[in-house]
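Let me begin by presenting the structure, written as structure tokens, before commenting on it.
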Amino acid sequence: MSSEDLEPYLPSKKPKVEKIVEKQLPPLNNSDSVVLRFAPGPSGPLHLGHTRALALNNYYKKRYGGKLILRLEDTNPNAIDSEAYEMIQSDLNWLNIEADEVIIQSDRIELYYQEIRKIIAEGGAYVTSSDAEEWRDLKNQKKAHPDRERLPEVQLSEFESLLVEGKGIVVIKTDLEDPNPALRDFVALRVVEEPHPRQSTKYRLWPLYNYAVAVDDYHLGITHVLRGKDHLNNTLKQKWIYKYLGWDEPEYIHYGLVSIPNTNLKTSKIRESIAESEFSGWDDCRLATLKGLARRGYRPETFLKYWENSGLKEVDIKFSWQNFDAMNKDIIDSDTRRLFFVSDPVEFTIETDDKLVKDAPWHPDKPELGKREEEIVSGSNIFIQKSDAEAFQEGSLVRLKNLCNVIVSKNKLNFEGMPPKKGSQIIQWCSSHTPIDLFYPDGTIVEGIVEDNISELDGETVQFERVGFVRLEGKKAFFLHR
RNA sequence: GCUCUCGUGGUGUAGUCCGGCCCAUCAUCUCGGCCUUUCGAGCCGAAUACCCGGGUUCAAAUCCCGGCGAGAGCACCA
């Protein structure tokens, strides 16, 4: 019996229905009109971690023809970098994400005062001058501070006087019996005497995160809130405010947390290091700030694509530089020019009877981009990367890429024919000595030389053959990925 | 400790709601081979996963129960 005869009896693979369904993120509920927001605190420029929320919000804005609001949350006068207001907006620009509206919370303090008066008036909030520990201890024991039980009129006048003097906080009442201690009574406003970078000393009573967010989300008409699941409890707190004010809640979507390995994303830490000149600035190529990554040549599309691809499940995920790099390479490879870079150059002299011409395309798959040409005469210097030179055997045949074959003899390279020989080693080389330093994100710097035609490529991303993709900047090259 | 989430290859993801087209999708990574004047790209192939244990069912990644594991929050930060 041949295998063909057996065929009908073998467990047949069921024909698979062609899955033509294009992969996309899950749809949003109530998507008739979609208003989203990206709401960072202006404590520094944006980094890789911020781009997820940005990418997802932007994705749904585009998908449903909605609106995206950039809201700068600067209600803590102590944690503001006054340059960040601008930096964040330029980071958005770089990503080609357009905010339909820019809102700054410190411009809206009166609004927060107005709404809290309503909540106090209906008994949903109280003022207390209790000190932090005492108040928290009582809460943990499910007990109320005496101030909590005062009449709304009293609370209201306490609030008005807090606007001008004295110490105290304004607290939203929740359920003191809530089994989750994190959800029992939370502070809505507090006193900060420090001057604010934009408002100076105009206000002394500042709203806290959960309160300001809820008020703004409502007043800005936010329909969908996309955030990490570290905000799960915050969402529950914010719902209390919606409840007191009789507002309809937006849709809340919580996605899992991302851990980004080997990457320092703490803005405050980075700022310190910059101050100590450990880093050259926010755009240091060792940083995962958008500015640092842009400097290495990452493309904005890569960020958006990566996060759209990562979905918004509630599982925690690990960021993969490998996958990220692969996506970036996929985007840039087809139109990135090639160039020879020689690290730790070793000098050789070429011996040839005829004049030679380097004939190297700017891109191997795109002849239409033209080529680099150069005449090489006998006696010219040829620089070879040290690691290649060390592997040379006396008399071995190597190919100088896009030039000719040579036989190695001491520090001479003797011409040995034009047609490429199968199996011979192919190496890149330079005739001129144009120094360039290659900066790796791990901090190593490799000194080398590059072909003499980089001036018109300044600021561009190119591929150093056999090394990887880099972005050129003057006499520096920043390593992107392989 | 309390409260709340979530467990599909190394990584990310599809499928889980409404059990059978799933001997489980796609991408990346890894390993072969082809191709190539780059260790890039391209092409072909291989390997690797439904956390564990019970139960329901003709049938379970999908439903139920119990373990285990991972993460988050518990600030007068955002």
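To find a chain, count down the sequence lines: A is the first, B the second, and so on, and within it residues start at 1.
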Using a 4.0 Å heavy-atom cut-off across all strands, classify A:Pro364 as base, sugar-phosphate, or nothing. base
When the ring planes of A:Trp307 and A:Phe319 are compared, do they come out parallel, tilted or perpendicular, using 30° and 60° as the limits? tilted
Please name the nucleotide paired to B:A49 by Watson-Crick or G-U wobble geometry with both distances under 3.5 Å, or report none. none
Separation of A:Tyr306 atom OH from B:A27 atom P, in whole Å? 16 Å
Any A:Ser43 side-chain nitrogen or oxygen under 4.0 Å from OP1 or OP2 of B:A78: no
Nearest of B:U13, B:C76, B:C4 to any side-chain atom of A:Leu232? B:C4
Rounded to whole Å, how long is the line connecting atom CG of A:Leu369 with atom P of B:A41? 18 Å
Starting at atom CG of A:Asn234, determine the distance to atom P of B:C76, rounded to an integer number of angstrom. 12 Å
Answer with base, sugar-phosphate or nothing: what part of the nucleic acid does A:Trp206 contact at a heavy-atom distance below 4.0 Å? nothing
Side-chain H-bond candidate by donor/acceptor type, A:Ser106 with A:Asp74, under 3.5 Å: yes
NA contact type, A:Arg136, heavy-atom cut-off 4.0 Å: base, sugar-phosphate, or nothing? sugar-phosphate
From the list A:Arg337, A:Gln463, A:Lys371, A:Arg338, side-chain hydrogen bond (donor to acceptor under 3.5 Å, both in side chains) partner of A:His363 resolves to A:Arg338
Are the charged groups of A:Asp216 and A:Arg37 less than 4.0 angstrom apart, N to O? no
Could you tell me how far B:G40 sits from B:C29 if I compare only their P atoms? Round to whole Å. 10 Å
Between A:His363 and A:Leu208, which is nearer to the 5' end of RNA chain B once each is assigned its nearest nucleotide? A:His363
CA sep, side-chain torsions, deciding dist, call: A:Lys143, A:Asp137, salt bridge (Lys or Arg N to Asp or Glu O under 4.0 Å): CA-CA 9 Å; A:Lys143 284 187 192 138; A:Asp137 286 348; over 6 Å; no
So which of residues 314-330 of chain A are in contact with RNA chain B, with a heavy-atom cut-off of under 4.0 Å? A:Glu314, A:Val315, A:Asp316, A:Ile317, A:Lys318, A:Ser320, A:Gln322, A:Asn323, A:Ala326, A:Lys329
Please classify the nucleic acid contact of A:His231 as base, sugar-phosphate, or nothing, using heavy-atom distances under 4.0 Å. base
Tell me what A:Ser130 touches on the nucleic acid: a base, only sugar-phosphate, or nothing, going by heavy atoms under 4.0 Å. base
Base, sugar-phosphate, or nothing for A:Phe464, non-hydrogen atoms under 4.0 angstrom? nothing
Measure CD1/A:Ile172 against P/B:A75 and give the value in whole Å, please. 17 Å
Phosphate OP1/OP2 of B:U36: any A:Lys422 side-chain N/O under 4.0 Å: yes
Within the 4.0 Å heavy-atom criterion, would you say A:Asp131 contacts the bases, only the backbone, or no part of the nucleic acid? base
Take A:Asp359 and A:Arg372 through the test salt bridge (Lys or Arg N to Asp or Glu O under 4.0 Å) and record every step on the way to the result. CA-CA 6 Å; A:Asp359 180 11; A:Arg372 305 107 73 190; over 6 Å; no
Can you see if the side chain of A:Lys313 gets near the phosphate of B:A14 - specifically, an N or O under 4.0 Å from OP1 or OP2? yes
Please check: side-chain N/O of A:Tyr252 versus main-chain N/O of A:Leu232, any donor-acceptor pairing under 3.5 Å? no
Across all strands, who's sitting opposite B:U13 as a Watson-Crick or G-U wobble pair, both distances under 3.5 Å? none
How close or far is atom P of B:G7 from atom CG of A:Leu257, stated in whole angstroms? 15 Å
Taking the P atom in each of B:U13 and B:G54, what is the distance between them to the nearest angstrom? 29 Å
Only pairs with both distances under 3.5 Å count, Watson-Crick or wobble alike; so what is the partner of B:G69 in this structure? B:C6
Quick one: label A:Asn76 by what it contacts on the DNA or RNA (base, sugar-phosphate, nothing), any heavy atom closer than 4.0 Å. sugar-phosphate
Assess the side chains of A:Asp185 and A:Tyr126: does a donor N or O sit below 3.5 Å from an acceptor N or O? yes
Counting only N and O atoms by type, is there a donor-acceptor contact under 3.5 Å from the side chain of A:Asp330 to the main-chain atoms of A:Ala326? no
Return no unless some side-chain N or O of A:Arg482 is found under 4.0 Å from OP1 or OP2 of B:G40. no
